[in-house]
Amino acid sequence: MRNNRSERMTDLTELGVAALRDGVASGAFTATEVASAFNAAVEAAQGALNAFIVTTPDAALAAAGKVDAARAAGQPLGKMAGVPIGMKDLFATKGVQTTAASKILEGFVPPYESTVSQKLWDAGAGMLGKLNLDQFAMGSSNETSGFGNVISPWRKGDDTTPLAPGGSSGGSSAAVAARIAPAATGTDTGGSIRQPAAFTGISGIKPTYGRCSRWGVVAFASSLDQAGPMARDVRDCAIMLEAMAGFDPKDSTSLDLAVPAWEAGLNADMRGKKVGIPREYRVDGLDADVAKSWEDGIAWLKDAGAEIVDISLPHTKYALPTYYIIAPAEASSNLARYDGVRYGLRDLPDGANLQEMYAATRAAGFGDEVKRRILIGTYVLSAGFYDAYYTQAQKVRALIAQDFAKAFETVDVILTPTAPSAAFALGQKSTDPVEMYLNDVFSVPASLAGLPAMSVPAGLSRDGLPLGLHVIGRPLDEQGVLNASLALEQRAQFSAKPGKWW
Amino acid sequence: MSSYRIQGATGEWEVVIGLEVHAQITTQAKLFSGSATAFGAEPNTQVSLVDAAMPGMLPVPNRECIRQAVRTGMAIDAQINTWSRFDRKNYFYADLPQGYQISQLYHPLVGEGSIEIALDDKNPDAGTKVIGIERIHVEQDAGKLMHDQHPTMSYVDLNRSGVALMEIVSRPDMTSPAEAGAYLTKLRQILRYVGSCDGNMDQGSMRADVNVSVRRAGEPLGTRTETKNVNSVRFVMAAIEHEASRQVDVLEAGGKIVQETRLFDPGTGTTRSMRSKEDAHDYRYFPDPDLLPLVLDQAFLDECRASLPELPDAKRTRYTDVLGLSAYNAAVLTADVDTAAWFETLITASAAKQGKDEAAVAKQAANWLTSELFGALNKLGKGLEDSPVSPTSAAELLALIGDGTISGSIAKQVLEKMLETGDGAAAIVEREGLKQTTDTGAIEAAVDAVLAANADKVEQYRGGKEALFGFFVGQTMKAMAGKGNPQLVNQVLKAKLG
Amino acid sequence: MSVNTADVAKIASLARIKVSEAQLEAMVPELNGILAWVEQLGEVDVTGVTPMTAVIPNTLRLRDDVVNADPLTGGDIRDAVLANAPVAEHGFFGVPKVIE
């Protein structure tokens, strides 16, 4: 009996959002059993993966208890009822330390809850803990966290070299891939949901800019930041995105639109749809595995009935440099509030005045990559350089958005690889910042244009590591993106998962 | 006044002045958050998570702030920009929680406008001068630092942080402290008429950054200094005077003016360099990515215009041209929106009481208000806003004068009683028996008695010393305890003295 | 455009980040690498292009002038506002004494 129970608990961690939600609703198992199973899995993996900055097993159990009580009382259950999730530590959670993985916020306990996390709790989800990430979401490998690297659950065969889970939502990708959370929140500024999803063989969608409220999400680059779900498959992402999205009067950039029923609208039939293949993404020296998986994706969508169209996005090569002006510029200003006065770290050397306290606090609290981006951002906004860098970048950004608008006059979605390679080893790219930035080459253009975009697992590289395919859609057409992604998912039949070595 | 010059040791210098006025927009809630704006609250009680710049907090603009700034722009005939945007001004200071101030640099809400000032408000013939206004933009106020509460710390109160300000930037069109004073006074008057700012300079609702430079006649503009946060008209004038002569002294001694931020010390009437702002400024302005472009539609603009009241210049012209007031009275009565409102209630009530139209009672009301009531309130140390006499009860008093029930001099006594007791004019006149006597018999008897008692003076009068007529009038009125109808007293005296 | 140690020191000072001499030396080539890379944007012809202002076409929403309409963005929460402060006394935040 006890053995059965324990096996069943293990089985529960194999289930995704839809299965957990449906199982709790039907009474196949209780939300409390689900929470306990995942709490145990989190605990068992934490030492090896470092996916969480803090774990909150009690919060998960409390939320589950409420769902079980509601079900017992015959009350209607929310979209995410009984599903415990990981919360990227960029979302402010009331009463639970929120750090953005920076020492400058260590010990900060928000007296407020972010809109997106509140919506998830209102939908019946529970919190397993706060997930590690690149510091202030700046990074593509999770190596900039002030609380240690996240280790990908994936390994190259028997090679025990720790691999990057991608970034910045690396705690999220690692947790979902390792089956220690059925789903997690992510945020995406230049690819921070999609690239880690690709690296770890899971799905993740960045919705249209403005779909998910940014209120209570620690800001990196305001005009780019968007929250989105990361989960095992397309359906799970659709369910969770429905719970996360929606108008928020507290965010001036929030879109005042109803949330579509994305899950109900899922349809993998691509007949009558046109899929654009941008020729500029066929960059020189594209990784052979990535190129092959892209070809597979094209074939799968054709098989699903889509017409494949060659398109041009002429300003693609300028997207990354544009991003690396705009994002640091906004960040340099957004991160000015971390000054040691109202919250977080204060470093006050003996005899220091106010301005010296700022400089000491920020030197001690921010990591190197954060400092680097603040300095770049400060420089490009400074007197005499503003027009040459920032204004020019916003003009090129407009051209990049126009490229997409023009392409979407003929195609419904665009298919590209998510990242230029499979996961790399930790430490492999952390010496040259620009080399690291190049990881976002395929994901950044859609971010600059505010478009919905999703990564789904496509298969494995010759090294046995996951590769992702990337679907970009028209503004507000998350449904089109989800549907094309579902068509890919059904044909990719991706079932690989990391061995449980921890 | 336009010929203001500083006499230096080496000759004459002109002064060039521009003002950047920060006016707190009258609203219930802050520009980008829902916390209150009331003056004098306990520290940090009117602070939201947004104002304290907690991680992840976002600004959402208050419509009323935009509306009031647009109405103000309309009141100075300025261009209203239907597409504007907010920018971030980045700098570090303990009163600035975000590390940037949300302001408008590149695309302000209000563009070019102007204000006409009187060159001498005591002399309407002295002419006027137009002062250009470059722009009005909307921005956040900063918090407040307290330096004297702890030996080694400054205390930060963020109650003001995020309160909406209009920054009203003039052209450097002023050339004397008096012009700057007149400009500031006029601007304050307009803001109070529009209702966009209460103009309470002592509470910091309005304060000026004063840009001053000096040059020799005909030379290009000199380097300017900016004296920050001067909070009264008098101090602005004093700061300019001091700063201009300081600059002349520096230049004449062979020195150079440093472009810098200075602070005015009201105690000494001098300015000094601000140590904390010495840092080379590089504000790294860029469009606030948390906010979208602000686009105003026609309906919004129409409402703003339709809700504008009659403005001071138009009102003053109407008072002279339609109501027939003297230029002086018109200026005094329109100086403040509350005074004008009081006056207008008074003439409406007066006209109704006396069955005349407003123009027919306006002059009497204006004279009485400016000479009698202002004087009496002044003695009591009160202003019109806390006058114990309301416009309606004043109208009752004026009606009693108008229909001859009491004389002007009795009216003074009645007003004193009204201020003292709060009773109505008619009741006081009735109770105290102050009704004017129009009984010719009684007046003749009094005149006879006066003439009999002053036979010698009667002789002198008849001998040609006609100046004595006033003496007889005075004696008669005195004998009648002021209640004799002055016209009848005159008539009877004229007849009896022959 | 490239930066030297003095430029980086100035930028760091503007950004209020204390950096040691050694850190400065290390940052110069890093920043120059990034700047050289982003400068390829200069080759894009942007004649007649309006800089992007809103990524998804949208204009600014204005809220009503109501105090504490939403408790999450309203005042009267001093304890919450001060709760995380490194130094808070008598209802104020405390900072090293400022001389104005």
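In the text below, chain A, chain B and the rest are named by the order of the sequence lines, each starting its count at 1. Computed over heavy atoms, backbone and side chain alike; hydrogens, waters and symmetry mates excluded.
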Any heavy-atom pair between the side chains of [Y] and [X] that's under 4.5 Å?
X       : Y        : value
C:Phe93 : B:Leu158 : yes
B:Leu49 : C:Thr73  : no
B:Val50 : C:Leu72  : no

Side-chain ([X]) to main-chain ([Y]) donor-acceptor, under 3.5 angstrom:
X        : Y        : value
C:Asp65  : B:Glu64  : no
B:Ser154 : C:Val98  : yes
B:Arg85  : C:Thr53  : no
C:Lys97  : B:His150 : yes

| Is it true that C:Asp64 and B:Arg63 have a side-chain N and a carboxylate O under 4.0 angstrom from each other? | yes

Cut-off 4.5 Å, heavy atoms of chain B, and the answer for C:Val66 is backbone

Could you tell me which of [options] has the largest number of non-hydrogen atom pairs under 4.5 Å with chain B?
options                            : value
C:Pro51, C:Gly75, C:Pro71, C:Ala69 : C:Gly75
C:Arg78, C:His90, C:Lys10, C:Glu89 : C:Arg78
C:Leu60, C:Val67, C:Asn58, C:Asp76 : C:Leu60

Parallel, tilted or perpendicular: which one describes the rings of B:Tyr155 and C:Phe92, with boundaries at 30° and 60°? parallel

Checking heavy-atom separations under 4.5 Å from chain C, one finds in residues 135-146 of chain B B:Leu145, B:Met146

